[in-house]
Every structure is written in structure tokens, then in C-alpha cells.
Visitor: 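This structure is in C-alpha cells; I'll ask about it shortly.
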Amino acid sequence: MTEQTNSGGRGGRRRKVPLFLTGALVVLVLGGAGFGYAYYKRLDHNIQGVDINAQLGAQRPVDVDDGSMDILVLGSDSRSGDNGAYGRDEGGARSDTAMVVHVHEGHKKASVVSIPRDTLITRPDCVDAQGAEVPGRRRAMFNTAYEVGGPACAVKSVEAMSGIRMDHYVEVDFAGFKEIIDELGGVEITTTRPIKDDDSHLDLAPGPHTLDGEQALGLVRTRKGVGDGSDLGRIQLQQAFVKALVEQVKGLGVLTDPAKLLGLADAATRAITPDSELDSVQELTGFARGLSGIDAANVHMVTLPVVYDRIDPNRVVPLERQSAQVWEALRADLPVPATATKDTATGAAEGVVG
């Protein structure tokens with residue numbers, strides 16, 4: 001889901017956390033019951049979209065119409081507003097986590113590729129939300145794309161890396177993430193080793209746990225408390241947590257509890273920032289229903305194949321051949337081959353959370 005250190009922080013209003021629960025959760029809370037007109041208007045008002053297509057223009061990878069779909073799920077490390085409890089802003093926001101979610105034809109399976117935030121890339125020229133030109137840069141950390149150019153620059157960087165056009169873009173809010181978990185009544189996981197990280201407010205003994213929102217947020221943010229202390233280890237925790245969350249969301253009977261349903265709907269629509277093609281309850285519900293047939297068992301999660309950089313061991317660089325295998329598989333709507341992630345840096349946190 002890599003680096004030993006990372007700077008970042010923006011004065012933006014939201015802190016983002018990666019999540020592949022978006023489809024299952026939104027269809028559950030928005031598509032499962034009939035809200036009154038006034039409440040739908042409230043939910044619509046909660047959703048603030050960003051027009052990625054207008055900023056990127058026509059110079060993008062070909063939009064392949066083969067029944068598959070690609071979504072960039074992004075997180076930023078702003079610590080303003082309600083998020084100030086988790087540290088101090090140090091400048092501009094950076095993408096704390098990025099996942100490319102490839103939904104295969106038929107929408108019964110998905111492949112998820114996590115891009116480590118400190119991956120060194122050649123960042124392309126892009127245009128920010130105000131229309132200002134942002135020059136590209138070699139050996140730039142991946143997470144700086146969001147910092148200097150916002151969502152559109154992050155999307156353009158992913159498309160330049162992968163050669164795959166992103167059909168949609170979704171951000172998930174830091175404080176909103178906590179609220180969703182609390183509204184769900186927590187998420188059940190089991191840890192095989194102790195996890196203690198004062199920076200992320202986390203202290204878990206080995207064994208079963210029902211994590212509340214605060215603890216869940218700490219888990220998906222921690223890196224010092226597990227594995228080799230890198231961001232790669234944190235990604236492994238995130239991937240395990242996301243699978244547990246998707247499994248639990250799909251098994252919940254919240255539709256029999258109107259108060260819980262309304263609370264979840266409100267929290268879910270306030271927590272996400274989608275692209276402008278998903279910025280209404282109607283559009284978001286249709287999108288979510290298209291993902292609702294994907295079970296956690298059919299979500300294959302990998303991390304972009306990387307190794308630690310020879311010049312700066314706090315950074316990672318993509319392994320060219322293996323990374324090409326990952327992107328070629330997704331472009332062809334095929335599963336990522338096991339050979340693509342063989343002998344790559346991992347973070348040593350696999351199996352810590354189940």
C-alpha cells in the first residue's frame with residue numbers, strides 16, 4: 001500500500017484514506033431504501049465532485065470499451081480542520097495512498113494495485129484546478145502530483161505510468177472514514193502480532209478486535225508499528241483491512257434499521273469526493289450497484305512492484321519489467337500474474353492482520 005520518511009500536509013478541508021468499500025457501502029446505504037425528496041437533496045448537497053475530464057483534456061490513453069472499468073482511489077495527507085489531531089500541516093497536501101481499482105468485465109472480480117506514495121516517477125506536465133501550468137519533473141515522488149496539481153495531476157500521473165485511462169476518481173475523507181466505521185458499529189479483525197504506534201494512536205495486542213473509527217484510522221495509517229517500518233508494510237495492513245471491511249459491509253443488515261441507514265448515508269456522502277460524473281446520489285448509486293456483485297474473495301490486491309532506491313533508501317522505484325506486466329494485464333482485462341510481484345520489496349507485514 002516504502003518509504004521511511006515522508007513530508008506532506010495541506011491546508012485543505014479534507015484528509016483522505018484509501019478505501020475499496022466505496023461501491024459496497026454506497027449501494028448498501030443509498031440503493032437499499034427509499035429516501036424522501038428532502039433527504040435526497042441533502043445527500044446530493046453533501047457530494048462535492050471534481051471535473052477531472054475538463055482539466056485533462058483530450059491527451060489521454062484510449063478509453064477502451066471492453067466492459068471493464070478503472071478507478072483511481074486516492075488519499076491525501078492534509079491535517080487541517082477535524083484532522084488536526086493527527087499532526088500539523090507542513091505545506092501542501094500529498095496523496096497519502098493511491099489504489100488503482102480495475103473492475104473486470106462482468107463486474108464480479110476486481111484487481112487492485114496500490115502505488116506507494118514515495119515511488120519515484122517522471123511526473124508529467126499538468127494543469128491545476130485554477131488552470132495554471134504545472135511543470136513535470138524527473139525523480140519526483142508520486143505523492144507530489146496531488147500536492148502541486150490536485151486530483152487531475154494525480155490522475156494524469158497514474159495514466160502516464162500505466163497507459164490506462166481512469167474512468168473514475170474517488171477520494172475518501174479522513175474524519176468521514178472514522179464516522180463511517182463508527183456508524184457501522186466497528187470492523188472485526190484479528191492481529192497475529194502486537195501493533196503499537198504512538199504516532200497513529202494505535203495499541204493492539206495479538207488476537208481478535210472490533211476496531212472503532214479511531215482505531216481503524218490508526219491501523220490504515222500506521223507504518224512504524226509493523227513490518228520493516230516502511231510504507232510498504234502499511235499498504236499490506238491497508239489491503240487486509242479493506243478486505244475485512246468489504247466483507248463486513250456486505251453482510252450487515254443495516255437496511256432493517258432506518259436510523260442507522262440514514263446515518264450511514266449521510267456519513268458516506270460527506271466522506272467522499274468523486275469525479276464530476278459521480279457527483280449526485282443517482283450517479284453514485286448507479287456506479288455503486290455496478291460494483292455490488294464483487295465479493296472480498298474476488299478482490300486481488302497487489303502492490304506496484306518496486307525496490308528501494310539506490311540513491312535514497314527512503315524512496316522506492318518501480319521495477320520496469322514487473323510493473324509493465326501489471327499494467328499490461330489490466331489493459332488486457334486479465335489477472336495480474338504472480339511473476340509480476342515475485343522478489344519485490346514488500347514491507348514484511350503480510351499476515352499481521354486477518
Side-chain angles (χ1 to χ4, degrees), residues 1-8 18 60-61 70-77 94-102 110-126 135-149 153-166 169 223 227-239 300-350:
M1 295 201 208
T2 328
E3 101 326 308
Q4 310 294 333
T5 62
N6 182 53
S7 60
R60 303 179 64 184
D70 294 281
I71 310 145
L72 176 59
V73 180
L74 195 67
S76 85
D77 59 5
R94 300 188 180 189
S95 52
D96 191 46
T97 306
M99 293 180 178
V100 174
V101 179
H102 177 85
S111 297
V112 180
V113 181
S114 295
I115 303 175
R117 63 185 183 181
D118 282 357
T119 304
L120 295 177
I121 65 169
T122 298
R123 193 181 67 224
D125 298 337
C126 57
R137 180 181 172 187
R138 295 190 62 187
R139 285 183 59 84
M141 288 192 298
F142 171 78
N143 64 354
T144 63
Y146 186 91
E147 177 190 21
V148 300
C153 195
V155 170
K156 188 169 184 178
S157 295
V158 170
E159 291 184 345
M161 293 171 64
S162 65
I164 300 171
R165 184 186 178 107
M166 296 295 108
Y169 170 85
R223 61 184 179 87
D228 62 5
S230 74
D231 197 46
L232 290 174
R234 177 171 63 173
I235 287 172
Q236 290 177 313
L237 291 187
Q238 290 170 350
Q239 292 174 341
H300 180 214
M301 307 185 99
V302 301
T303 301
L304 184 70
V306 294
V307 292
Y308 291 105
D309 183 51
R310 293 181 181 179
I311 299 174
D312 184 353
N314 293 324
R315 307 289 178 252
V316 295
V317 292
L319 286 167
E320 187 173 344
R321 181 178 60 82
Q322 287 100 316
S323 294
Q325 283 184 286
V326 171
W327 302 129
E328 287 169 3
L330 299 193
R331 283 196 297 271
D333 196 31
L334 297 172
V336 175
T339 54
T341 54
K342 185 179 180 180
D343 299 327
T344 63
T346 63
E350 186 174 3

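All figures in this text were calculated on a predicted structure; none of them were measured in a lab.
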Visitor: Might you point out which heavy atoms bring Lys156 and Asp125 nearest each other, and give the distance in Å?
Guide: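 Looking at all heavy atoms of both residues, the shortest contact is NZ-O, 2.7 Å.
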Visitor: Atom OG1 of Thr119 and atom CZ of Arg315: how far apart are they, to the nearest 0.5 Å?
Guide: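 Between Thr119 OG1 and Arg315 CZ, I get 10.5 Å after rounding to 0.5 Å.
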Visitor: State which residue, out of His102, Met301, His300, fulfils the side chain to side chain contact (heavy atoms under 4.5 Å, CB included) condition with Val112.
Guide: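 The residue from His102, Met301, His300 that satisfies side chain to side chain contact (heavy atoms under 4.5 Å, CB included) with Val112 turns out to be Met301.
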Visitor: For Pro61, check side-chain contact (heavy atoms from CB on, under 4.5 Å) against everything at least two apart and list the hits.
Guide: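 Partners of Pro61 under the side-chain contact (heavy atoms from CB on, under 4.5 Å) test: Glu159, Arg165.
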Visitor: Please identify which of these residues, Val155, Ile71, Val73, Val158, meets the side chain to side chain contact (heavy atoms under 4.5 Å, CB included) condition with Tyr169.
Guide: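 Of the listed residues Val155, Ile71, Val73, Val158, the side chain to side chain contact (heavy atoms under 4.5 Å, CB included) partner of Tyr169 is Val155.
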Visitor: Can you measure from CZ (Arg138) to OG1 (Thr122) and round to the nearest 0.5 angstrom?
Guide: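 Result: 5.5 Å between the selected atoms.
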Visitor: Any chance you could measure Leu74, atom CG, to Leu72, atom CG, to the nearest 0.5 Å?
Guide: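 Here the interatomic distance stands at 5.0 Å.
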Visitor: I'd like to check Ser162 versus Leu330 (side-chain heavy atoms, cut-off strictly below 4.5 Å). Are they in contact?
Guide: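 Contact flag for Ser162/Leu330 side chains = no.
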Visitor: Could you pull out all residues at least two apart from Ser111 that satisfy side-chain hydrogen bond (donor to acceptor under 3.5 Å, both in side chains)?
Guide: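 side-chain hydrogen bond (donor to acceptor under 3.5 Å, both in side chains) check on Ser111 returns His104.
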Visitor: Going by salt bridge (charged side-chain N to carboxylate O under 4.0 Å, His left out), name the residues that satisfy it together with Asp333, two or more places apart in sequence or in a different chain.
Guide: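 Per chain and number, Asp333 pairs via salt bridge (charged side-chain N to carboxylate O under 4.0 Å, His left out) with no residue.
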Visitor: Restricting to non-hydrogen atoms, name the atom on Pro313 and the atom on Tyr308 that form the minimum distance, rounded to 0.1 Å.
Guide: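 It is O-CD2, 3.5 Å.
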Visitor: What is the distance from atom CG of Leu120 to atom CZ of Arg139, rounded to the nearest 0.5 Å?
Guide: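 Those atoms lie 5.0 Å apart.
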Visitor: Would you say the side chain of Val316 lies within less than 4.5 Å of the side chain of Phe142, judging by non-hydrogen atoms?
Guide: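 No, every pair of side-chain atoms sits at 4.5 Å or beyond.
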Visitor: Taking all non-hydrogen atoms of both residues into account, name the closest pair between Pro335 and Ala329 and its distance.
Guide: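 Shortest heavy-atom contact: O-CB, 3.5 Å.
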Visitor: Report the residues that fulfil side-chain hydrogen bond (donor to acceptor under 3.5 Å, both in side chains) with Asp312, sequence neighbours left out, ordered by chain and then residue number.
Guide: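 Checked Asp312 against side-chain hydrogen bond (donor to acceptor under 3.5 Å, both in side chains); zero matches.
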Visitor: Taking the side chain as everything from C-beta on, heavy atoms only, tell me whether Ile115 gets closer than 4.5 Å to Arg117.
Guide: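 Heavy-atom side-chain distance check fails, nothing below 4.5 Å.
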Visitor: Please enumerate all residues that pass side-chain contact (heavy atoms from CB on, under 4.5 Å) together with Arg137, with sequence neighbours excluded.
Guide: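 Partners of Arg137 by the side-chain contact (heavy atoms from CB on, under 4.5 Å) criterion, ordered by chain and then number, come out as Arg123, Ala140.
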Visitor: Without placing hydrogens or testing angles, list every side-chain donor-acceptor pair under 3.5 Å for residues 317-327, not counting sequence neighbours.
Guide:
unit_1: Ser323; atom_1: OG; unit_2: Pro305; atom_2: O; d: 3.3
unit_1: Ser323; atom_1: OG; unit_2: Leu319; atom_2: O; d: 2.9
unit_1: Gln325; atom_1: NE2; unit_2: Thr339; atom_2: OG1; d: 3.0

Visitor: Heavy atoms only: give me the nearest Val113-Leu304 pair and the separation to one decimal.
Guide: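 Looking at all heavy atoms of both residues, the closest pair is CG1-N, 4.0 Å.
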